[in-house]
Amino acid sequence: MHYSKSSAIAFSCIAMLFFSCKPEKEPRHLNLPKTDLTQADLIPKPSTTEATYSAFPLDRFTAIHTAPDSLDFNDVGLFLADKLKDLIQMDVPVNTEFPNQESVIYIHHSNSLSKINQESYFLKINRDSIVLSAASAAGAFRGIQTLRQLIPSKASDSIIDYPVWPIPSGSINDSPLFAYRGAMLDVARHFFTVEEVKKYIDLLAYYKYNILHLHLTDDQGWRIEIKSWPKLTEISGVTEVGSEPGGFYTQEDYKIIVEYAAQNHITIIPEVDMPGHTNAASVAYPILNGNGKTPKIYRGTHVGFSTFDTHKDTVYTFIDDVVREISALTPGPYFHIGGDESHVTKKDDYIYFVNKVEQIVQRYDKIMIGWDEIVTADIDTTSIAQFWSSTDNAKMAVAKNLKIIMSPANKAYLDMKYDLESEYGLNWAGYVPVDTAYIWKPESYKNIPQKNILGIEAPLWSETISTISELEYLAFPRAIGFAELNWSQPENRDWENYKARLGNQAPFLEKMNVNYYPSPLIEWKTESEIPKTLKK
Ligand code: TNX
């Protein structure tokens, strides 16, 4: 698609070979607006921004050039071209001979930046070029998200007689605060389709998330095909909370999600929750069950009543098969074993179980993650605890020198109601309005040392939601705030300043057809209320 225009030009060049190969072109006299890059509505806020008070003209003479590679930079260029096509309905050529180019976006590889961080980037916007330097394709991809946010939603028609989208000039130096910037989606209580997950990925990528954790199994349903245990999805793939029909991912579907996430530089983390939250697995294979009752389909929302039988060899054979099959489909380094709310598993059995499952996960070359309860077992320092409720468990994780993922429910749970008026969500951890979700310091929360913290992950449990628009209502705008807490330096974060930038996200969210919660704490702006160019 991106090559069609240039091949047409190449073709006419051949036709014109005897005359002249130089395409006709108006000399450019662009009266570019004076802009102020430091006033841009960027989320997350970059580390440093300097303005040079001019603009780069994005227009029909723009082309993209990327580092010659084996490094995946070409894909980042194609990603940008694809987004530009959506945004400004133009085919911007990537890495082609394009004789008309006047304003070039260079995406290039910088070794020096890799010493800072693989995801760092440097964006220099001039009057006739944009130079994006990054240590890796992931860094370039993060920089591209910044660039997308700088493109005005409407072209200026007063610069010259064709549309020009002026991008404010200056430079941005940017690096993430945390390496792990995650969201979790519970596809077990209610199922979400591949297309719905892809849409969530699009939105997360725009705000520089790099992890999507999928909670694939729970008491109400099993959502991923396991070829060696087919009844898991045959029987438990078709139930969910309430009377809805459930669903599951075939291994092919799951690969599509993993691949799509990878194109967006997002790592998928699969979770198989155990030894509790396993009613659906035991309904399919009653031999796994350890709670002494006959397993029955469960469509409610209680927790803590199910457990595997932690002393049966068959249970560990089963887990080995599940971890092996899912790990083979998962290029990322992590496997999440759940481990939460195992209220009917005896303490000693729980410890024995987690220790054994850790060995299985490691056998398939994955790093084990578990909810904070797993620190009560004798786990390895390479395993990771996800702090969701117990500060004691978080402290124990620090004492054991484990890395911690920050998901404290009263701050980071996307399924908590915003306020009394909220249509969806729970409130067992309190209400979490947009300001509460933003105004806290993940880097020093509960005095957990920053060196132990990998980053925030915002879980979205789906007991009360079953459609993508309900998902969006709970996730947005709070997920945007966590993106800033995860990426931006603490000194660059400020609620009043963030609030104004968030209000200006409304046109983007609407364009993406996102059913965000229009929190009364935010002044949501319409497109016409946002200045077209950032006047100096
Ligand atoms: C607690 S958070 C759970 C989930 C529920 C969630 C609802 C965690 C590890 N366990 O099973 O879905 O609360 O907010």
Side-chain angles (χ1 to χ4, degrees), residues 41 43-45 181-186 189-190 192 196 199-200 203-204 206-207 209 215 241-242 300-303 341 386-391 406-442 445-446 456-486 488 493-510 512-526 529:
D41 292 313
I43 301 182
K45 186 102 172 159
R181 304 181 302 279
M184 185 217 82
L185 181 60
D186 172 8
R189 268 54 173 275
H190 280 104
F192 293 91
E196 291 168 336
K199 184 176 178 195
Y200 199 32
L203 295 163
L204 295 172
Y206 187 73
Y207 295 107
Y209 277 77
H215 181 78
V241 167
T301 58
H302 290 149
V303 296
E341 299 172 320
Q386 183 161 7
F387 171 31
W388 68 282
S389 93
S390 161
T391 308
M406 299 295 277
S407 306
N410 56 346
K411 302 281 179 199
Y413 265 30
L414 290 169
D415 65 314
M416 289 303 115
K417 289 185 169 184
Y418 291 91
D419 49 41
L420 276 167
E421 312 288 300
S422 283
E423 278 179 64
Y424 308 103
L426 302 170
N427 63 0
W428 63 263
Y431 295 105
V432 182
V434 182
D435 52 355
T436 302
Y438 183 86
I439 306 172
W440 62 292
K441 294 194 168 73
Y445 189 68
K446 300 276 184 200
I456 303 174
E457 183 179 290
L460 180 43
W461 301 98
S462 61
E463 287 94 332
T464 66
I465 55 167
S466 61
T467 66
I468 178 84
S469 90
E470 292 162 4
L471 177 165
E472 290 165 359
Y473 176 93
L474 286 176
F476 295 96
R478 288 180 293 197
I480 303 175
F482 300 132
E484 179 145 307
L485 296 187
N486 260 334
S488 304
R493 302 193 313 242
D494 171 71
W495 165 247
E496 290 300 326
N497 179 281
Y498 170 72
K499 209 168 116 170
R501 284 178 287 127
L502 181 59
N504 291 350
Q505 298 295 302
F508 169 75
L509 295 172
E510 272 148 34
M512 296 290 288
N513 199 18
V514 176
N515 177 40
Y516 64 95
Y517 168 60
S519 162
L521 298 175
I522 307 298
E523 261 182 63
W524 299 99
K525 295 282 168 55
T526 62
E529 288 167 328

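Between W461 and L426, the closest side-chain pair of non-hydrogen atoms is not below 4.5 Å. Within the 4.5 Å cutoff, the side chain of I439 has no heavy atoms near those of the Y498 side chain. Between L509 and I480 the shortest side-chain heavy-atom distance falls below 4.5 Å. Under the 4.5 Å side-chain criterion, counting only non-hydrogen atoms from C-beta, W440 is not in contact with N410. The side-chain heavy atoms of E470 and H190, taken from C-beta on, include no pair separated by under 4.5 Å. Residues E196 and L471 have side chains not in contact (no heavy-atom distance under 4.5 Å, counting atoms from C-beta outward). Counting only heavy atoms from C-beta outward, the side chains of W524 and E510 never approach each other to under 4.5 Å.
Between the side chains of Y207 and N486, no donor-acceptor pair is found at a separation under 3.5 Å.
Shown here for A483 and Y209, the closest heavy-atom pair between the two residues is CB-CE1, 3.6 Å. For the residue pair V241 and G300, the shortest heavy atom distance occurs at CG2-O, 3.6 Å. When every heavy atom of L414 is checked against every heavy atom of L474, the shortest pair comes out as O-CB, 3.3 Å. Minimum heavy-atom separation, G425 to K417: O-CE, 3.3 Å. Among all heavy-atom pairs drawn from F482 and A437, the shortest one is CE2-O, 3.2 Å. For P459 against A412, the heavy-atom pair with the smallest separation is CD-O, 3.3 Å.
Put simply, CZ on R181 and CG on L485 are 12.5 Å apart, with the number rounded to the nearest 0.5 Å. Atom CE in M184 sits 7.0 Å away from atom OH in Y413 (nearest 0.5 Å). Atom OH of Y418 is separated from atom OH of Y424 by 12.0 Å, given to the nearest 0.5 angstrom. For the atom pair CE of M512 and CG of L203, the computed distance is 4.5 Å after rounding to the nearest 0.5 Å. Taken to the nearest 0.5 Å, the CG atom of D415 stands 7.0 Å off from the OG1 atom of T464. From E523, atom CD reaches atom CG of L502 across 11.5 Å, with rounding to the nearest 0.5 Å.
Relative orientation of the F476 and Y200 rings is perpendicular, given thresholds of 30° and 60° on the angle between their planes.
Screening K411, E484, K499 against Y438 for a side chain to side chain donor-acceptor pair (under 3.5 Å) leaves a single residue, E484.
Within a 6.0 Å sphere centred on CD of E529, other residues, nucleotides and ligands contribute more than 12 heavy atoms.
Formation of a donor-acceptor pair under 3.5 Å by the N515 side chain with backbone atoms of E472 is not found in this model. A side-chain donor-acceptor contact under 3.5 Å links R478 to the backbone of V432. Checked by atom type and distance alone, the side chain of K45 never pairs as donor or acceptor with a backbone atom of N497 at under 3.5 Å. The backbone N or O of E423 sits less than 3.5 Å from a side-chain atom of Y473, completing a donor-acceptor pair. At least one donor-acceptor pair under 3.5 Å links the side chain of S407 to the backbone N or O of E457.
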Next item on the list: Please assess M416 against W428 for the test side-chain contact (heavy atoms from CB on, under 4.5 Å), listing each intermediate value before the final yes or no.
Entry: CA-CA 8 Å; M416 289 303 115; W428 63 263; 3.2 Å; yes
